[in-house]
Structure formats: C-alpha cells, structure tokens
Amino acid sequence: MRPPTKRSWAEPFKIKMVEPLRMTTRAEREAALTEAGYNTFLLRSDDVYIDLLTDSGTSAMSDNQWAGMMLGDEAYAGSRNFYNLEAAMQQHYGYKYLVPTHQGRGAEHLLSTILIKPGDTVPGNMYFTTTRAHQERAGGAFVDIIIDEAHDPASLHPFKGNVDLGKLEAIIAKVGPKKIPYVSIAATVNMAGGQPISMANLRQVRELTKRHGIRLFLDATRAVENAWFVKQREPGYADKTLKQILLETCGYSDGCTMSGKKDLLVNIGGFLALNDWDVFEEARNLVVLFEGLHTYGGLAGRDLEAMARGIVEAVQEDHMRARIGQVEYVGEHLKALGIPIVQPVGGHAVFLDAKAFFPQLDQLQFPAQTLAAELYLDSGIRSMERGIVSAGRDSKGEHHRPKLELVRLTFPRRVYTQAHCDVTVESVNAVWENRQNVRGLKMVYEPKHLRFFQARFERL
Ligand code: F0G
C-alpha cells in the first residue's frame, strides 16, 4: 500500500448524543417553501434536513463546555464566569478590557455609537450586513477598501481579505483623517467567501492608519479561522501556534467586536474588547442601557462560562484542521464536478456562484435567492442568499448591485458528518444538472432593515 500523502481531516471527537432529523418529501418541501415566501430564513427548522444556513450559534458544544454550563454563577453583578471569560480573552486575544454583549451586533452597536459621528467615513475590507448597518445607523458612510480580487469568484489569490492600501490612502486623502473614526477590518471576510487577510497586509494597514492617527478595529468573529489560513499560507507562520498568530493579529488593532457564536463554539454570546480606557469607560456605561450590567452584557453566567471554555478549544489545531478540512472537502468535491464556487474555498462555508449557475437570470430576478430555493426543494438542505438581496439598498433607495451573487453553504462546527457532506454535494449537483430549466423570483415584500431576513418572493 502506498503511504497516504495527505492525512484526512477526520474529527478529533466522537459523538455522545444525537439529535434526530425529520426527512421530508418534495411535496412537503414545496408547501413549506411557498409558505416561507421562498426565503430560507422563513422556513421552520423542523422542515429542514441539513441546515447550512449559518455557522452562527449552530455549533455543537463540547462535554467540557456543557460541564461549564453547570458552573454558571448567576449573580447579577460580578459573576465568577465574567472573570473567567475576561482572563481567557486577555490570554488569547490580548486586549485589556472586556465588555460582554449578547452577540456580535451588540458589540457593533456599542462601538459604532461611541466612535462614529454623523458625516464620518468608515473604510472596511468589504461590508458585513450588521456591521455596516450599525455604522450607517450611527451616521457613518461605509467605504469598501478590499482588493479587487475579492470581488472575483475565480481569482485564486490566497488572501482575498486583504486591504488595497491605495484605496485606503485615497479615501484618507479625500475625506481627511479626522473624518475617519476607525478602519474596520474583518478576519476572515464573510461576504467575500470566508477569505483571510494576511498578517503582512494587516501590519501595513496598521502602519498606514497609525501615521494618520486613525484607530483600527478588528471584527474578530472568525479570527481563529483566519489564523489557520495564515499558518497554512503565509511564509514564516508554519511553526507558530494558532494562539500566537491570533495574539499577533489582535496586536495590530485597538480592539475588536466579537460574535462568539462562530469561532468560540457557543450558541449565544459576544463581546467588545478594548485597549483604550476612555472608550472602555463609555462602552461599560452604555452597555447597561442596551444589553445589561457590564459583567454580564445580556448573557447568563453559564453562557459566559461556555464562551470562556470555547476560546481555549477554538485555538486547538486538531479542531481547526477538522473544521476547515470539512469545508474544503465539500469545496473540492463540487469543484471536481465542474460546479462554479468561490475559490479558494473559505473558512466557514462554500459559496456557490449563482451568476454562473443561472446566466439566463438578471440580477433583479435574484439568482442566488433562486438557487437557495432550488436546493431546498431538491433535498431539504437550507442555505443562505449572499447577493443582491443581502446587499440591500443605498441611501438613495437604489439596490446595491454587488458583483458577487452567491449562495452560502455554511458549516456549523462539529455538527455534520462526512455522509451529510456527500449528500450536500449530490444535491447541489442535481440542481446544477437542471439549471437550464430554472426561472427566477420576484420580491413581493421588502422590509426596511436587513431585508434578506424577512423579504418574501414569488416564482416568476
Ligand atoms: N461579523 C461577522 C463577520 C459575522 O459573520 C457576523 C454574523 C457578525 C459580525 C454579527 O454577529 O450574529 O452574533 O450579531 N454572521 C452570521 C452569519 C449572522 O450567518 O454569517 P452576531
């Protein structure tokens, strides 16, 4: 037998408890999808077989995290679990101060409210829906400074999350550094396909912004996944631990917003972490209004404990090898079938290129929304639109028309097996083979904020 050249991504855990899934018929799925207005967000989870809507809050906790749940100190103030979380954050992320929040957007709300004034500009490496919404709500204007390759699904650039320093310099020259409260950097970049930013690029962004006296805040939601890509792809990092890489990443910023529902393997939780005492003072004060006292931020003591333990598990290499290995496994198999996906495969999801699936559809016939619907009808797999519906409208009321019109197959951590992955590949392939017969959708209801969550559609 030839020795294998590459080890499989096999899971570094075994399964102790199972959650049965309901299998549905095509007729049941037709009825459920019509009822849901062709929006996968509006499906009941009972009608879903393999749920690839999001990796947010959907991961499986470990026995150690569940054990920690029993040690929740539910005191209103000064819970011991807050101090455990604070210590874990300081050790792994390296920031001085912690403000817990119920989830990531709670932290985004605080940071945007404190630092952004009406008329300000906030440059970022591609937008994320809630992040941009909070920046705009505070009176800021978001400007995309990501490299052009990030908007091209076929570009094989290893760090498609990188900032184009020329674009950043141009925007600083245009509006002036005083109108830029901070630069907002995500690691990895969700909307670009879960693509990483390189350490070299981040360091350059830090140097450039520092020269102009501009702060840099990190969206550290999937920064451990970003650290994995740095370790695999960036010269000089192969022998560093994920923990070391994470610390270096955070070291180039003044603080971070965090959705613990991703990297940190919890079902709910987030935080704002800061180095600047003045900003911390204000955040610690404001959090009382919106989330809860500054030692619980809308979370139970047990949730704080699960997140503290999740931090330690997230930086384990065996864990991350299997987590990203699973996503790559699906991506490689889809690619082998000739199915158009965003390349390279990102950290948390495989993104299908809906424009390439359905060249017969105009963007206003919602190709990605259509593809997500077809996939659900085929097999009960739930995915998410990340195209024109998610992009929303600009301040003049026009549709943003993003270059990327994608469907995201997002993998919860430690939840699905390789057989589930195989079924997913087979189902995407079935839709691919029938692609010529597919017609688009029209939007029949459009909510004002973050429309993708609740919009309704009908078949054309
Ligand atoms: N930042 C990024 C990069 C995210 O992916 C998310 C959430 C947030 C911030 C907001 O965090 O949900 O805890 O309030 N992303 C989820 C997703 C919803 O499906 O990609 P939250």
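Counting starts at 1 for both ligands and their atoms, in listed order.
At distances below 3.5 Å, at least one donor-acceptor pair connects side-chain atoms of R408 with backbone N or O atoms of L53.
Ranking the protein heavy atoms by distance from atom 10 (C) of ligand 1 puts T130 OG1, 3.5 Å first. The protein atom (non-hydrogen) at minimum distance from atom 13 (O) of ligand 1 is S259 OG, 2.7 Å. Looking at atom 21 (P) of ligand 1, its nearest protein heavy atom turns out to be Q103 NE2, 3.3 Å. The protein non-hydrogen atom at the shortest distance from atom 8 (C) of ligand 1 is F128 CE2, 3.5 Å. Protein heavy atom at the shortest distance from atom 16 (C) of ligand 1 is K262 NZ, 3.3 Å.
On a distance-only criterion, R105 and ligand 1 share at least one N/O pair closer than 3.5 Å. At least one N/O-N/O distance between N190 and ligand 1 falls below 3.5 Å. Any N or O atom pair closer than 3.5 Å counts here, and K261 shares no such pair with ligand 1. Checking only distances, G104 does come within under 3.5 Å of ligand 1, N or O to N or O.
Annotation: F452 is in aromatic contact with F41 [ring centroid separation under 6.0 Å]. Less than 6.0 angstrom separates the ring centroid of Y76 from the ring centroid of Y296.
Interface atoms of ligand 1 facing D219, defined by a heavy-atom separation under 4.0 Å, are 1 (N), 2 (C), 3 (C), 9 (C). In the vicinity of T221, heavy-atom distances shorter than 4.0 Å reach the ligand 1 atoms 1 (N), 2 (C), 9 (C). For ligand 1 and T54, the ligand atoms under 4.0 Å from any heavy atom of the residue are 17 (C), 19 (O). Each of the atoms 19 (O) of ligand 1 lies under 4.0 Å from some heavy atom of M384.
In this view, T209 satisfies the side chain to side chain donor-acceptor pair (under 3.5 Å) rule with no residue, not counting sequence neighbours. Remark: T54 pairs with no residue by the side chain to side chain donor-acceptor pair (under 3.5 Å) rule, at least two apart or across chains.
Side-chain contact, R29 with T24: a donor N or O sits under 3.5 Å from an acceptor N or O.
Ion pairing between K262 and E225 fails under the 4.0 Å rule for side-chain N and carboxylate O.
Evaluated by nearest non-hydrogen atom to atom 9 (C) of ligand 1, the leading choice among R222, H102, E108 is E108.
Below 30°, between 30° and 60°, or above 60°: for F290 and H109 the angle between ring planes is between 30° and 60°, a tilted geometry.
You'll find the side chain of I388 reaches within 4.5 Å of the side chain of L364, heavy atoms only.
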